[in-house]
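Predicted model, so just to flag it, every value in this text is computed and none were measured.
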Amino acid sequence: MNWDSPSVYGGIIPDLTPHIDALAKEGVLFQNAYVQAPNCSPSRVVIQTGLYPHQTGMRGFFYVKDNFNTLPEILKENGYFTGVLNKPADTSISPDFDDYWDERTSIKGAKKRSAVMYSDLLQGFLNKVDKRGKPFYCVVNVADPHKPFFNDPTSVKKGFDEFKPSKLYTKKDVKIPEYLPKNPRIKKDVLNYYNSVKRGDDCIGEIIQTLKKSKRSKNTIVILLSDHGAPFPFAKSSVYQNGVKTPLIVSYPPKFSPTVEDKSMVSSVDIAPTILEMTGNSIPKEMVGTSFYSVLTQKKEQVGNYVFAQFDENAGGIPRPSRTVISKKYGYIFNPWATGSFVFKSASSSHASYKAMAKMSTVNEDVKKRFDYWKYRTVEELYDYENDPHALNNLIDDPKYEEVVVELRKQLHQHMKATNDYVLVAFENKDNTAFLDSWMKKEIKQANKRQRTIKWKRGKNQQGGTKKNTELYDNSTQK
């Protein structure tokens with residue numbers, strides 16, 4: 001879900017997300033919150049590890065050898081009953097689920113879109129918590145608005161539309177975001193997206209209602225965020241704001257006063273340290289995130305001046321690494337693959353809006369220019385997100401912003417060195433196209449080997465079936 005889809009974040013449909021809005025009114029709403037990765041599994045694992053994807057090795061959708069103190073493991077060791085409801089694989093770093101979760105559930109097929117299903121699963125989890133008399137940590141992964149959207153042909157075919165949103169919107173209720181061209185097919189895709197956001201909010205309503213009926217309601221901290229932006233070009237799988245900015249709401253009325261926090265820059269790498277401090281547990285030294293608990297309690301006015309995010313590879317295992325540093329005003333991006341020799345690959349390539357853009361690009365020069373930019377990008381990008389939130393105007397070559405570029409390059413360089421980022425060597429040779437092309441070819445070769453040997457979170461990747469893959473990726477052995 002895109003950060004600006006909920007009504008409380010200025011969404012275009014005033015009544016779209018009443019349950020998210022209600023949670024925000026009783027909690028702390030962060031205006032400058034980000035995730036570390038704009039695709040599912042890498043993003044979700046950051047929340048559980050307090051580490052960046054390149055630090056754990058969770059670059060994509062394969063399993064990694066667990067050499068880390070993860071949040072659920074620490075909580076389990078300290079007496080918590082832990083659970084993950086839906087998407088246990090994408091929430092876990094390794095297939096050793098029992099190390100992390102006392103309770104785990106996968107939801108198959110159409111029921112992923114059922115609000116009642118989430119209520120039933122949470123109630124079952126809470127019943128087990130009550131029997132054990134323990135505190136709990138529960139991750140509830142709502143499927144919507146993941147593709148396929150409500151009313152998408154695939155959704156209709158698979159029977160997902162059995163569960164309808166509580167209210168259906170029409171094309172007159174929505175508008176195409178500025179980062180996409182105007183087109184009837186794209187507008188229908190956008191409409192289906194918003195109806196799926198509505199269904200996702202219905203699920204959240206059932207979850208909150210189930211919790212409020214529980215005797216544990218008044219002593220439960222609720223954290224809501226999205227794993228990445230909407231599944232359109234220039235959002236999901238990109239490190240633009242629309243790919244990595246997220247709604248973030250933390251609600252605990254007994255201790256956190258309702259407020260809008262617009263001073264701090266926070267991100268999902270900070271969530272594990274924050275939860276550990278909230279619960280009185282020690283934060284492992286290797287966790288690089290910063291707790292923002294003092295902001296929630298209003299004992300400190302601000303944390304963070306920059307956030308860092310990254311994309312490494314798609315669900316098929318195709319590497320197209322990007323790095324970004326974002327301040328409250330600007331965003332700088334480094335794309336080592338964007339030399340003109342490689343085409344960007346992501347899940348959006350199979351979706352309606354991408355296909356519509358591709359068709360329009362054959363007859364419309366402006367759309368062609370925009371579509372080609374999505375596919376090829378440039379090695380460096382700079383955006384004034386304050387005035388250009390949808391990243392339409394790359395300022396990297398504008399001499400007026402030279403000092404900004406120098407400063408943000410410095411911040412990113414320091415971050416990459418401090419976190420031992422494998423992309424560092426490419427960044428330090430960013431002006432050498434031949435070096436970048438050679439480096440990318442090596443990355444592609446290594447990725448191809450992973451696809452053939454490493455245990456995958458999906459049934460297949462671009463090399464084919466993954467059922468016979470047994471190895472775990474060991475990031476500690478990688479240079």
field: Gly459 backbone acceptor or donor facing Thr466 side chain under 3.5 Å
entry: yes

- prompt: Among Asp227, Val266, Val35, Leu224, whose side-chain contact (heavy atoms from CB on, under 4.5 Å) with Thr246 holds?
  reply: Val35

- request: Could you tell me whether the side chain of Asn2 and the main chain of Ala230 form a donor-acceptor pair under 3.5 Å?
  value: yes

- request: For residues Ser92 and Met58, report the shortest heavy-atom separation together with the two atoms involved.
  value: O-CE, 4.2 Å

statement: For Ile186 and Pro181 the tightest heavy-atom approach is CD1-O, 3.6 Å

message: Could you check whether Asn281 and Thr279, counting side-chain N and O atoms only, form a donor-acceptor pair closer than 3.5 Å?
response: yes

query: By salt bridge (charged side-chain N to carboxylate O under 4.0 Å, His left out), which residues pair with Glu162, not counting sequence neighbours?
result: none

field: Polar side chain donor-acceptor pair, Glu261 to Ser264, under 3.5 angstrom
entry: yes

- prompt: Can a donor-acceptor pair be found between the side chains of Ser267 and Gln36 at a distance below 3.5 Å?
  reply: yes

Distance (rounded to the nearest 0.5 Å) between Glu26 CD and Leu29 CG: 12.5 Å

Pairwise distance OG(Ser114) to CZ(Phe163) - rounded to 0.5 angstrom: 4.0 Å

Arg370 NZ/CZ over Trp374 ring centroid, <6.0 Å and within 45° of normal: no

query: What ring pair (Phe, Tyr, Trp, His ring centres under 6.0 Å) pairs are there with at least one residue in residues 170-199, not counting sequence neighbours?
result: Phe149-Tyr193, Tyr179-His390, Tyr193-Phe232

field: SB check Lys167 Asp201 (cutoff 4.0 Å)
entry: no

- prompt: Does the Asn39 side chain pair with the main chain of Ala315, one donor and one acceptor, at a distance under 3.5 Å?
  reply: no

message: Quick check for you: to the nearest 0.5 Å, what is the distance between Phe136 atom CZ and Leu75 atom CG?
response: 12.0 Å

Tyr385: side chain to side chain donor-acceptor pair (under 3.5 Å) partners, not counting sequence neighbours: none

Test item: Ser196 side-chain N/O and Pro145 main-chain N/O as donor-acceptor pair under 3.5 Å: no

task: Determine, for Lys198 against Asp144, whether the closest basic-nitrogen to carboxylate-oxygen distance falls under 4.0 angstrom.
output: no

task: For residues 269-292, pull every pair meeting ring pair (Phe, Tyr, Trp, His ring centres under 6.0 Å), keeping only residues two or more places apart or in separate chains.
output: Phe30-Phe292

For Asp120, salt bridge (charged side-chain N to carboxylate O under 4.0 Å, His left out) partners two or more places apart: none

- prompt: For Asp21, which residues count as a salt bridge (charged side-chain N to carboxylate O under 4.0 Å, His left out) partner, sequence neighbours excluded?
  reply: none

